[in-house]
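Predicted model only: the values in this text are computed from it and were never measured. Lettering follows sequence order; numbering is per chain, from 1. In what follows, every heavy atom counts, from backbone to side chain, and hydrogens, waters and symmetry copies are set aside.
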Amino acid sequence: TACGGDAPSAGGTPTITMGIPGIPPVFVNLMAYVAEEKGYFTANGVKVTLRPLPTGADVGRAIQSRELDGGIVGTSGAVALRASGGSVVAVLGNENPSYLVASSDAAVKDCAALKGRTIAVDGVGAPKALSVGTMLASCGLTVKDVKLVNVGGPQSVDAMIAGQVDTAVLHPDELAAVQQSKETHEVVALAKVDPKSHYTMLVTREDELKDGGKRPAWVETVAALHKAITYINDPANADDVTAIAARMTKRSPEIAKVALGDYVKLGFWPTDIGLTRERVDKAIEDQVKAGNVPADKTPKYDQFVDATVFRDALAK
Amino acid sequence: MSLLDRLRDSSRPSRTSTAAPASGSASVDIDGVTMRFGDRNAAEDIHVDVRPGEIVSIVGPSGCGKTTLLRAVAGLISPAEGRVRVDGETVSTTPDGVAMVFQHFGLFPWKTAEANIAYPLRLRGLPREEIASRTRELIEMVGLSGFERSYPHQLSGGMQQRTGLARALAVRPRVLLMDEPFGALDAQTAEVLRFELLRMWEEHPITMLFVTHSIDEAVLFGDRVVVLKGRPGRVHEVIDVALPRPRDRAVAMSEEFVALRERVWSLVMSQDTHRTR
Amino acid sequence: MSLLDRLRDSSRPSRTSTAAPASGSASVDIDGVTMRFGDRNAAEDIHVDVRPGEIVSIVGPSGCGKTTLLRAVAGLISPAEGRVRVDGETVSTTPDGVAMVFQHFGLFPWKTAEANIAYPLRLRGLPREEIASRTRELIEMVGLSGFERSYPHQLSGGMQQRTGLARALAVRPRVLLMDEPFGALDAQTAEVLRFELLRMWEEHPITMLFVTHSIDEAVLFGDRVVVLKGRPGRVHEVIDVALPRPRDRAVAMSEEFVALRERVWSLVMSQDTHRTR
Amino acid sequence: MPSPSDPGSGVSGARLKGVAISLIGLLAGLLAWQVLGQRDPVLLATPVRSFESLAAMTRDGTLPGALADTGVLFLAGLAAAVVGGVGYGLVLSRSRRLRTSTQWLVFAVQSVPIVALAPLILAAFGFGFWAKVLVVFLSAVFPVLINTAEGARHTPVTLLEVARVHRSGEWALWRDVLLPHAMPYAMSGIRQGIAMAFVGTFIAEFFLEATGIGGLLLGASSRFDSATVLGLTVLVSVLAAMLMALGQVLERAFAPWREGSTE
Amino acid sequence: MRTTQGTTADPTTDPTAAVVSPAVSSGGPSRDVTGKLVAAAAVLLVWQVAGTAWLPDYLPTPLGVLGQAIPTLTSASFLGSVWETVSAVALGLLLGCVPGIVAGLLIGRVAWLRHLSTPYISGLYAMPMLAIVPMATIWFGYNDVTRVIVVALSAFLPCAVSTADGARALPGNLADVARVLNVPRRRFVTDFVLPSALPFAVAGVHVAVGRALVGAAAVEFLANLDGLGTFILTNARSFAQDQAFVGVTVLALLGVLARAGTERLVRRVAPWQHAGRE
Ligand SMILES: Nc1ncnc2c1ncn2[C@@H]1O[C@H](COP(=O)(O)OP(=O)(O)OP(=O)(O)O)[C@@H](O)[C@H]1O
Ligand SMILES: Nc1ncnc2c1ncn2[C@@H]1O[C@H](COP(=O)(O)OP(=O)(O)OP(=O)(O)O)[C@@H](O)[C@H]1O
Ligand SMILES: [Mg+2]
Ligand SMILES: [Mg+2]
């Protein structure tokens, strides 16, 4: 049944079902797979099941409908979910957005050249689609100046390779994949035009963290993820991590290796909680500005973020 | 063929009391009946008194309310005015002992000939063996042997109507209502069935109301012929048919028959309805 | 009603030459015809010789090939053996001057009565005014005035067949093929139309092949009655009908008529086919 | 298949009663929805909120725009299906050779669920307007084609013989017999085609490029906007019912001679 | 059935309607094997050429599909996916059709129930089931339950609508027969309503099978459930078109098989339906 929220089974190992957006999963969620493959979850005495779902929105809804205990959701989506009455709380974050607009058309050199182009994104209201607005704003354009087509996250790569679109919002690993078969270049990157934005968060429901909920299990889970991030960020483990990443994203190890370097350089997987108040507040504000969220329903940082889980995890 | 009397023979004391063996024939009294649909009359002030064992034919132009009248006698619809009595009792639902044969046969398409005929018997909860033996008799009587297991769509029109007839006779009716029973058959088949039915009737006369478009048929069957006219239909004239019985082919060749036929014909034709046919 | 002769009157020199005014009537010679579907014969070795202006009735059990034979005369299918000649010429496609009336009327449901009647004239490419005036005459002739604009489904069966008749007569046929033209009508309507058609024929006799299930009808119309038997059908007997013309109701009441009818009846019935009806 | 509609048998009083019962049923449903909808704002929404959301989208032009997008896609696909289906159906009816040799192919392709083809079409033809039209076309063409072919093929033999007895040419035969007879069949194919085209439109909007009502629905769903999702879902069902009714009207309008034979 | 008024030209019931026999003599090849072969060859050729020359990598090709057929059809994961879909569809059909037929009988015979349900049934009947998947995933989760529920709903509606039609329309004058025989209410249901509704119910199941497969595939696409739909989607998205097409073919075959099955069922339960006179 659609019910993952039951209390930890008496005596047995506590379980967590965690949703991961993207099919196959996106590179950015590498830490969950590393934690799984390296056995960190098991070592911490928690049984974590990773459930890939098509988009972050699906993960969010599955959390709200209690089918998942938690999962990774784009920050914008998490804000929208919270604003529309959902009870999600963030316990860990990835701050640095890795989105970039890439094009295989040599004529598209800079942001301004995007006017009137067709850009592939993941879906209406999904993170990539939302990020486009911010990137276009850096050169005074708006979403109305371009045509967005909804291809789905990882499929943007295939669409680029197949030549069905020449411009798309991609992750660095996706760009690397496209570049393997096609001359493609970065046009504008979100991290450069909007350094204060926030990217994704690991969320769960409020009731999970209450007494009698699964808070202890979440602490162990976050601790395991943190351990995985440390492992990833250590250059000594690059080959091992590359192999895991290639398996996870179903891409070649070469691409995974290039991408891994890029992400680590970007400081994508933070060693801290990754939920800086400034960035989260800005993400909330952006959502209000974009009209996705009514101002009066805006979540407040302190209700929205529970830093204590990470604190307790570090204390382990 | 010892048709209906074989049926009569088989009226040995039945073992169940649910099967009321309606024996003999009943009187039918159509007493000032007016039939109405919405605010339109379909038939007006019809008086017909049928004695037990009598055959009354009803002819009249299309739409004059013949079928409607028959349905009133069967208790399928109630008259707006007047009443129908069967054996003196006012009809509200179909009285026991009243059976009907339809122009388009009204068979269950999903039952074999046999099962169609057995249906009224099964409905009365007769014991299995009795149903089986009675059905066999009926099938033989109407000449359907060999076709027991056929579905209606596998039978010719004539055979379908034989099945319908057998089903109507299964309950040993005291009144038989016939609504153009041969109207859907081709001329030859109709002719054959006509004389077969007449012979059956001779062997076991029951009250019959016989609606038809065929003037030959009306005269051939009727002790009296009721001619309706107009829309809504009213009784135009009632003609006594003083032809001898049994009515066989010889009777149909007699001068009296031809004269009566002409008489009915001119009555029907005087109604100036043929233009709309 | 000065029916067909009004048509004749209207045979003033037509302005187009495409409309070949087939006048008078033609002979039909069915000469040793065997009809075959796949490897099954539908009719075998049929010989019938029809003189100009003669009416030949054809009766026989269902499925003996009556319709098939008529279709061969119309050139709709070719005989497997033998040949059909109309006025001495072997038939391959429908010869000019041959018209057909169908049991289920064969009207175009999407055309009004008027348009159905005008159809053959339009096919011949006559000028509009001529079509209009000729159609008007035909409508009057068959008594359909006032129903020109009705679709077939808005007409009674009798009126539908009048339309079919008018359409067949539109081309001034020399041979009229009739396949149970009254078979789908109720008995009264059929009776009315029968005598009307006979009267039209008296006024303008044309060759007619008349297929029917009704023995009355066969005797009433025919100069000869061809009785087919068996499946595949073969000619069982040909009976000369020496009744006076015009054939009106008085003729149908005569002793000779009744005797002839009985003769045909016994021939048809001797075929032991009624059991499968 | 006909939708459950009233037979029109009863007197107007009985019909009025039926309508009243239907209305009561609808109101009860709305009420239940309103009560249930207050339980969880993300998983459910109240009809009032749904209506407000639809109204807001109407005011800012999103909804009319989306309806127009969906409508254009629907009409383009349907038009292609009608032209292709009726045309080929008529040709099939006259060429026995073509029919026996290609009919099995038609049945084979017809049994492929178009949803399953959507990803392949996406990969092969992209997600542009014409790829979406292709999806709608494929969804709708088969009922039109098959009905037309059957209709023309089942022309009563008698009518063809009437034409032949009157020595009609092939062109006149089409004009006077085949086309008019096939028309109501084609229309009932088109009625089914309308329903299928509507489904196809949503397949296209869901799995190719997310535009129109389908796009709005997906967008609202990814914003966790249940009120809009529910409102749009109800709107879609109303549109669908209206299209079915329209199809039935069309079917009747094109065959005045097909009405029942009552006096 | 023909009325006494004469023939009406209802194309769906016209008893005189028959196959057009073209002017050509009737000796032509009725099976026309060569024609079929030529058509098949032509289609395959055009397809292969288009697939290789015009849109390489993006269109499945006959040869490619053939090459992928054996490995795909024998792979355990593919068979697992097929089983997932088939079992969900079977369960959904059961859960949809049985209540659908019962509901159809009630709707058909009980006037107030019919009026009560008409707005809902006609609203849902024509609605693309795709449109309710977003809502269904919220309510029932990203799991097998949603798939079964959507399949069941897809199956419920045609079964209910068709059965209701059948329950209301007694053939011929059977209603009169029932009343002349004073058939009690219970027996009227078992002897008249049920048999006459039966073929309609099976026709409803027939439609339901097609819709159920589509519904299952749609849910699998949108909720990423293991199954044939997801197999097609993931392969198509990774440009393994030939494999994807093997999946499409299997899905179509499942539909054909299921329909053939229901057709045989009709012949079994309603032998009177096949009015093959003569
Ligand atoms: N259920 C009904 N509702 C309304 N009007 C009806 C109904 N049944 C019959 N009528 C009307 O009542 C009149 C008489 O119909 P009925 O069927 O009794 O005529 P009929 O004499 O049997 O005609 P036919 O010879 O054509 O069978 C007709 O005008 C008909 O339209
Ligand atoms: N197109 C056809 N193909 C094959 N067999 C046919 C065809 N038309 C008629 N038959 C067969 O030919 C035989 C004669 O048929 P036909 O219709 O001529 O009989 P009929 O005498 O007119 O019968 P009815 O009195 O029932 O009208 C029948 O066995 C029939 O099944
Ligand atoms: Mg009547
Ligand atoms: Mg015949």
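In terms of heavy atoms, C:S214 sits closest to B:A187 at CA-CB, 3.4 Å. Heavy atoms only, all atoms of each residue included: C:G60 and B:Q188 are closest at O-OE1, 3.7 Å.
Only the side chain of C:E255 comes within less than 4.5 Å of a heavy atom of chain B; its backbone N, CA, C and O stay farther away.
For the pair B:V192 and C:M269, the minimum side-chain heavy-atom distance is below 4.5 Å. Side-chain atoms of B:E191 and C:I215, non-hydrogen and from C-beta on, never get closer than 4.5 Å to each other.
In this structure, the separation between NE2 on B:H213 and CG on C:L185 is 10.5 Å, given to the nearest 0.5 Å.
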